[in-house]
Trainee: 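Here it is: the structure, laid out below.
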Amino acid sequence: MVDYITRDGVALLQVNNPPVNALSHNVRAEIKNGLDEAGQDKQIKAIVISGKRSFIAGADITEFKSGSYSEWPTIIDLCDLIESSGKPVVAAIKGFALGGGHEIAISCHYRIAHEKSKFGFPEVDIGILPAAGGTQRFPRLVGLEAALDLIPSGRHIGAAQAFKLGIVDKVVRGDAVEEAVKFAKSIAGEPLVDRRTSQRPVMGAENAVSLRDAAVKLAMKKKKGMIAPIHCIKAVMGSLLPFEQGMEIEASEGFMLFTSGQMGALQYAFFAQRAAPKWSLPCGASFKTVKGRPIRNAAVIGAGTMGTGIAMAMLNAGIPVTLVEQDRKFLDKGVSLLKLLYAGSVSLRKITQDQCDAILSKLNTAVGYKSLTNVDLVIEAVYENMALKKQIFAELDRICPPETFLWTNTSALDIDEIASATRRPDKVLGTHFFVPAYHMKLLENVRGKLTSAETVASAQMFGTRIGKIPVVVGNCHGFVGNRMLHKYAHESDFLIEEGCWPEDVDMVAENFGLPLGPFKVRDLS
Ligand SMILES: C/C=C(\C)C(=O)SCCNC(=O)CCNC(=O)[C@H](O)C(C)(C)COP(=O)(O)OP(=O)(O)OC[C@H]1O[C@@H](n2cnc3c(N)ncnc32)[C@H](O)[C@@H]1OP(=O)(O)O
């Protein structure tokens, strides 16, 4: 789990715990053993900590439930051991240094990072805080303002920004481990006193109150309904006290989160999101046995809200799309909407004008279906009318090559009945996107009675490629998402009957953490 390699007076501790080098109990124990061995060996003058493929993605999240997260040596113990080492410890970072991995890195005396490496404290998104001294060491390294930005937001940053903020000492293009070993040799024997992060003062302390108030305001806007960001901010503010007292504040703020229902729910969601794309069918086929066909180009039928949203999701992933309508007027309206949305992204600086132009160069338009003779996939996204959908599918079946997938965006209609209008029911599947389709992560891939495993595999692969969390569901009225939403919508309607205003209901739902209240969602549909 941790390889111990010696190189010309340098001990290299290389973490090898796939898939992400999480700091499971065994890994922590072996890092500690390595540090002890290197400390005792008179030949060793410096230590490098690295990861085999990537650095370290943090604590092993499964251990929060099992309890072994707090077994000795904890990540706190390791950070203290590293920082207090009499021999210099250098972190060689490639890939991810996240959460506890980031905390280990900032406890080292020096950090050498590959230019593509990523840094962050994603704990907030799993309902906790960087509880291994991260809320205390990080502000001492980068200042209060940057710590109050990065810890409550959970945002990842790249190596260039990490260098600017003072997180890393050197960014390299080549092998970060080789560079770190070379560097470690060069600084062996130098004094370490100003390299111990916990001993530094916090920059920006004079503006503490205004920085804290701004951070709280931003967290309440960006992470509505979440309790962790506020506890993160309180813990970071504790860094203005002496280190040991700050650590106590971190522990007490952390305790409230570690015992909260939100932590359990967010960590459940973390693993559920990763489990969802892994499908299996009653016949035994699964993501392990059946490969999907990649989608090289696609067409979307219908240029309304759903059709344009789906087209955008594909264009954003670099898939060339033909947007199809029966009437030039509707097509032009859809294209204008799409261009307006991209112009909005440019003005919000989410993409550059050049990126916008490159994306839009992959958009084609057509009136009628005649040109669809060379597409891998058609997604029909007209309004919910069975007769119309069947008519469209019969026509597509005549025009498109036999291997073209024909998928329907529907929130409730019977996939088998739609498939019956074609001679290729094995290639028909329901894709239930949620509004706005270019943004919402969930994609229900609805399997009909005759949908083939290859079609399911392709739809799941396609969903992941366009940045969705694809879930295979069965063909029944409302599938899974709308069955749940149905109850929620009913309760919202009852509240209106009882005298509440729609905006009040929306406000309560949004304060709870939903991005949009139920009535705003309906306004969009
Ligand atoms: C106190 C708290 C402290 C000190 C902490 O450190 S809390 C943990 C902080 N770190 C994180 O929250 C990182 C979580 N992981 C990720 O963000 C991503 O996995 C990644 C960016 C590191 C890599 O992304 P990607 O390549 O897309 O891979 P997956 O997300 O699909 O993950 C692959 C499998 O690894 C499992 N995983 C990931 N991180 C952890 C973890 N920290 N602990 C345990 N397991 C982890 C993930 O569930 C996937 O498992 P499978 O689905 O393949 O079984």
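Numbers here simply count residues along the sequence, with the first being 1.
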Trainee: So, N17 side chain and M1 main chain: donor-acceptor pair closer than 3.5 Å or not?
Mentor: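 Checked: no pair found.
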
Trainee: Look at the side chain of Q460 and the backbone N and O of P470, then say whether any donor-acceptor pair between them is shorter than 3.5 Å.
Mentor: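 Pair found, side chain donor or acceptor close to backbone of P470.
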
Trainee: Begin from the C-alpha positions of E63 and S24 and carry the test side-chain contact (heavy atoms from CB on, under 4.5 Å) through to its verdict.
Mentor: CA-CA 7 Å; E63 289 192 350; S24 316; 3.7 Å; yes

Trainee: Between N207 and E145, do the side chains contain an N or O donor and an N or O acceptor separated by less than 3.5 Å?
Mentor: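 Side-chain D/A pair, N207 to E145: absent.
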
Trainee: With side chain to side chain contact (heavy atoms under 4.5 Å, CB included) as the test, pick out the partner of W72 among H25, R28, K32.
Mentor: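 By the side chain to side chain contact (heavy atoms under 4.5 Å, CB included) criterion, W72 pairs with just one of H25, R28, K32: K32.
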
Trainee: Check this for me, if you would: do D8 and K185 make a salt bridge, where the nitrogen-to-carboxylate-oxygen distance has to be below 4.0 angstrom?
Mentor: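 Salt bridge: yes.
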
Trainee: For the pair R111 (side chain) and A91 (backbone), establish whether a donor and an acceptor sit closer than 3.5 Å, ignoring hydrogens and angles.
Mentor: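 A pair under 3.5 Å: no.
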
Trainee: Work out which heavy atom in I49 is nearest to a heavy atom in I82; give both atom names and the distance.
Mentor: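 So the minimum-distance heavy-atom pair works out to CD1-CD1, 3.7 Å.
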
Trainee: Using a 6.0 Å cut-off, check whether atom CD of Q43 has over 12 heavy atoms from anything other than its own residue.
Mentor: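 At most 12 heavy atoms, drawn from other residues, nucleotides or ligands, come within 6.0 Å of this atom.
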
Trainee: Within the distance-only criterion (no hydrogens, no angle test), does the side chain of K441 pair as donor or acceptor with the backbone N or O of G467 below 3.5 angstrom?
Mentor: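 Yes: the side chain of K441 pairs with the backbone of G467.
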
Trainee: Does any N or O in the side chain of Q161 come within less than 3.5 Å of the main-chain N or O of F119, such that one atom is a donor and the other an acceptor?
Mentor: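 Here the side-chain-to-backbone pair does not exist.
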
Trainee: Is a donor on one side and an acceptor on the other found under 3.5 Å between the side chain of E253 and the backbone of A228?
Mentor: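 Pair absent, no side-chain N/O of E253 close to backbone of A228.
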
Trainee: Taking all heavy atoms of A208 and all of L240, pick out the closest pair and write down the distance.
Mentor: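 Scanning both residues completely, I find the closest heavy atoms to be CB-CD1, 3.6 Å.
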
Trainee: Look at the aromatic rings of F258 and Y69 and report parallel, tilted or perpendicular, splitting at 30° and 60°.
Mentor: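 F258 vs Y69 ring planes: parallel.
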
Trainee: So how far is it from I128 CD1 to M263 CE, rounded to the nearest 0.5 Å?
Mentor: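 Those atoms lie 6.5 Å apart.
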
Trainee: Does the pair E250/R137 count as a salt bridge with the N-to-O cut at 4.0 Å?
Mentor: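 So E250 does not pair with R137 through a salt bridge.
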
Trainee: Working to the nearest 0.5 Å, report the span between NZ of K339 and CG of L337.
Mentor: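 Interatomic distance, K339 NZ to L337 CG, rounded to 0.5 Å: 12.0 Å.
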
Trainee: Given the rule in the side-chain contact (heavy atoms from CB on, under 4.5 Å) test, do L241 and I249 qualify, once you have shown the distances and angles that lead to the verdict?
Mentor: CA-CA 9 Å; L241 298 169; I249 292 186; 3.4 Å; yes

Trainee: Contact between S85 and L35 at the side-chain level, heavy atoms closer than 4.5 Å - yes or no?
Mentor: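 No. Closest side-chain heavy atoms not under 4.5 Å.
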
Trainee: Is it the case that atom CZ in F271 sees more than 12 heavy atoms from other parts of the structure closer than 6.0 Å?
Mentor: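 Yes, the 6.0 Å shell around CZ holds more than 12 heavy atoms from other groups.
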
Trainee: Give me each pair satisfying salt bridge (Lys or Arg N to Asp or Glu O under 4.0 Å) with a member in residues 153-163, each pair once, sequence neighbours excluded.
Mentor: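 Every salt bridge (Lys or Arg N to Asp or Glu O under 4.0 Å) pair that includes a residue of residues 153-163, provided the two are not neighbours, is D149-R155.
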
Trainee: Out of curiosity, N21 CG to N16 CG, how far, rounded to the nearest 0.5 Å?
Mentor: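 N21 atom CG to N16 atom CG measures 6.5 Å (nearest 0.5 Å).
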
Trainee: Give the ring-plane orientation class for F138 versus F121, where under 30° counts as parallel, over 60° as perpendicular and anything between as tilted.
Mentor: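 Rings of F138 and F121: perpendicular, as their planes differ by over 60°.
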
Trainee: Could you go through K520 and E510, starting from their C-alpha distance and side-chain angles, then the distance that decides it, and tell me whether this counts as salt bridge (charged side-chain N to carboxylate O under 4.0 Å, His left out)?
Mentor: CA-CA 10 Å; K520 280 191 193 155; E510 287 167 22; 3.0 Å; yes

Trainee: Taking only Lys NZ, Arg NE, NH1 and NH2, and the carboxylate oxygens of Asp or Glu, determine whether K222 and D125 approach each other closer than 4.0 Å.
Mentor: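 D125 and K222: not salt-bridged.
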
Trainee: Distance alone, cut at 3.5 Å: any donor-acceptor contact between the side chains of N316 and Y342?
Mentor: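 Yes, because at least one side-chain N or O of N316 sits under 3.5 Å from a partner of the opposite role on Y342.
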
Trainee: How many angstroms lie between atom CG of L360 and atom CG of L315, to the nearest 0.5 angstrom?
Mentor: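 The distance works out to 7.0 Å.
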
Trainee: I'd like to know if the side chain of Q355 reaches the main chain of T352, judged simply by a donor and an acceptor atom lying under 3.5 Å from each other, with no hydrogens or angles considered.
Mentor: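 Yes, because the side chain of Q355 sits within donor-acceptor range (under 3.5 Å) of the backbone of T352.
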
Trainee: Roughly how far apart are K468 NZ and H439 NE2, rounded to 0.5 Å?
Mentor: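 Answer rounded to 0.5 Å: 8.5 Å.
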
Trainee: Do D213 and S210 pair up side chain to side chain, a donor and an acceptor below 3.5 Å, judged on atom types alone?
Mentor: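 No, because no side-chain N or O of D213 sits under 3.5 Å from a partner of the opposite role on S210.
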
Trainee: So, does D506 use its side chain to make a donor-acceptor pair with the main chain of F519 at under 3.5 Å?
Mentor: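 Yes.
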
Trainee: Quick one: do E83 and R196 make a salt bridge, cutoff under 4.0 Å?
Mentor: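 Salt bridge flag = no for R196 with E83.
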
Trainee: Are more than 12 heavy atoms from other residues, nucleotides or ligands located less than 6.0 Å from atom CZ of F255?
Mentor: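 Open: at most 12 neighbouring heavy atoms sit under 6.0 Å from CZ of F255.
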
Trainee: Going through the distances and angles, do I167 and H102 end up as a side-chain contact (heavy atoms from CB on, under 4.5 Å)?
Mentor: CA-CA 10 Å; I167 301 171; H102 199 178; 3.8 Å; yes

Trainee: Can a donor-acceptor pair be found, under 3.5 Å and without considering hydrogens, that links the side chain of E444 to the backbone of F479?
Mentor: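 No, E444 side chain to F479 backbone: no donor-acceptor pair under 3.5 Å.
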
Trainee: What pair of heavy atoms forms the shortest contact from L144 to G204, and how long is it?
Mentor: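 So the minimum-distance heavy-atom pair works out to CD2-O, 3.9 Å.
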
Trainee: For residues N33 and E37, is any side-chain donor paired with an opposing acceptor at under 3.5 Å?
Mentor: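 Not at all, the side chains of N33 and E37 share no donor-acceptor pair under 3.5 Å.
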
Trainee: Using modelled atom types only, decide if a donor and an acceptor are shared between the side chain of Q14 and the backbone of D3 within a distance under 3.5 Å.
Mentor: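 It does not hold such a pair.
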
Trainee: Working to the nearest 0.5 angstrom, can you tell me the gap between H114 NE2 and I93 CD1?
Mentor: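 If I round to the nearest 0.5 Å, the distance is 12.5 Å.
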
